[in-house]
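Reckoned from all heavy atoms, side chains included, excluding hydrogens, waters and symmetry mates. Keep in mind that what you see is a predicted model, and the values were worked out from it rather than measured. Numbers restart at 1 for each chain; the letters A, B, ... are given by sequence-line order, proteins then strands.
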Number of protein chains: 2
Amino acid sequence: MTAPRQTKQRATVLEALRVTPRFVSAQELHGVLRAGGEGTGLTTVYRHLQALAADGTVDVLRADDGESLYRICADSGHHHHLVCRHCGTSVEVEGPAVERWAVRMAEEHGFADVEHTLEIFGTCASCSRKRG
Amino acid sequence: MTAPRQTKQRATVLEALRVTPRFVSAQELHGVLRAGGEGTGLTTVYRHLQALAADGTVDVLRADDGESLYRICADSGHHHHLVCRHCGTSVEVEGPAVERWAVRMAEEHGFADVEHTLEIFGTCASCSRKRG
DNA sequence: ATCGGTTTTGACAACGGTTTTCATATGCGG
DNA sequence: CCGCATATGAAAACCGTTGTCAAAACCGAT
């Protein structure tokens, strides 16, 4: 297991993610980099996001239309998200009771190796204002 | 708002879903129908699943790879699923406490029009046995 | 029963996000 | 500074899904 090479593109993608406090798609991120004068290829953006997601550096979320959205989170542990469906702004939330509930449900029905996905979607205060 | 016509294909898709107590993809369902001698087109299967999902007759779930999985549920109200990641077998579960928690989290952060997605994945007893 | 219109069907093409390909470029250890 | 394994990126392939459109089927009215 070798460490990834330190390339300009990798640094650029990471920096863009760090500056973006919301869930963004690979294509949107690519667009931002292009607009910023960085000639990073779309394929490269996808590859870095994939690697970052694999090692837990970024969290991944599936939008309704199937697009994958990425975001760097402050909390590196297990947590969930409260996401604005309009602008992607998100808040990290924890719910210990929910975790316990999920495990209990699984045990009751004989399921092993339990995981769960949980996301809360809504309209954030800022977007509520803009939309009346 | 007119009722959908009663066609052989619609009946066939519904019957196939009723006989399948697990989440299946549109393509898998199409394969089953083909194997059963029914010449139902893939497009038609997609259209019916779409319509059934829209009126709440079937529940939809996104697999990790982005594929949509469908299933007819006994409980027509709001509920979640405990799903076997190997065979798709699923159990319907309810968690009133979770619902309240989600709403409270949203309110605390000024989010409106709250919805949430929650699925529990695991390996069911039957698949655990097969896989040792 | 049959006619007429409206809806449904299904083979095929198009779509869109993501992944693969592969030749070139570039970190980086020796 | 070399050597070479890894990274890059344009273009093509992939794959689930949706749009197209002419032919077929449903169903109320005659």
Side-chain angles (χ1 to χ4, degrees), chain A residues 1-17 20 22-55 57-71 83 85 88, chain B residues 1-17 20 22-55 57-71 83 85 88:
Chain A
M1 183 162 167
T2 30
R5 277 187 189 168
Q6 186 173 330
T7 66
K8 177 161 53 83
Q9 290 86 344
R10 181 178 168 84
T12 305
V13 169
L14 268 170
E15 183 53 25
L17 281 169
T20 310
R22 50 191 195 88
F23 279 93
V24 288
S25 69
Q27 314 232 26
E28 184 177 350
L29 206 58
H30 175 243
V32 169
L33 296 178
R34 273 289 155 86
E38 299 292 340
T40 311
L42 178 58
T43 308
T44 301
V45 173
Y46 270 109
R47 272 190 294 236
H48 281 303
L49 288 174
Q50 194 171 278
L52 291 168
D55 68 29
T57 304
V58 302
D59 283 0
V60 189
L61 186 62
R62 288 263 181 185
D64 277 9
D65 63 359
E67 214 177 4
S68 290
L69 305 178
Y70 306 83
R71 154 148 201 213
V83 185
R85 64 169 70 84
Chain B
M1 184 164 164
T2 31
R5 276 187 189 169
Q6 187 173 328
T7 66
K8 177 161 53 85
Q9 289 86 346
R10 182 180 168 83
T12 305
V13 170
L14 268 170
E15 182 53 25
L17 282 169
T20 311
R22 51 191 194 87
F23 278 93
V24 288
S25 69
Q27 314 231 27
E28 185 178 350
L29 206 58
H30 174 244
V32 169
L33 296 180
R34 273 288 155 86
E38 298 292 341
T40 311
L42 179 58
T43 308
T44 300
V45 173
Y46 270 109
R47 272 191 294 236
H48 279 134
L49 288 174
Q50 194 171 277
L52 291 168
D55 68 30
T57 305
V58 302
D59 283 1
V60 188
L61 186 63
R62 289 262 179 185
D64 277 9
D65 62 359
E67 212 177 7
S68 290
L69 305 178
Y70 306 84
R71 155 147 201 213
V83 185
R85 65 169 69 83

With nearest nucleotides of DNA chain D determined for Gln9(B) and Tyr70(B) from heavy-atom distances, which residue corresponds to the more 5′ nucleotide?
-> Tyr70(B)
With the side chain of [X] defined as its heavy atoms from C-beta on, choose the nearest nucleotide among [options].
X: Tyr46(B); options: dT9(C), dT8(C), dG16(D); answer: dG16(D)
X: Gln50(B); options: dG9(D), dT8(C), dT18(D); answer: dT18(D)
X: Arg47(A); options: dT26(C), dT21(C), dC26(D); answer: dT21(C)

Is a donor-acceptor contact shorter than 3.5 angstrom present between the side chain of Arg5(B) and the base of dT8(C)?
-> no
State, yes or no, whether a side-chain contact exists between Val32(B) and Thr20(B) at a heavy-atom distance under 4.5 Å.
-> no
Should Glu38(A) and Val13(A) count as side-chain neighbours, where that means a heavy-atom distance under 4.5 Å?
-> no
NA contact type, [X], heavy-atom cut-off 4.0 Å: base, sugar-phosphate, or nothing?
X: Ser25(A); answer: nothing
X: Thr43(B); answer: base
X: Gln27(A); answer: base
X: Thr44(B); answer: base
X: His48(B); answer: sugar-phosphate

Are there more than 12 heavy atoms of other residues, nucleotides or ligands under 6.0 Å from atom CG of Asp55(A)?
-> yes
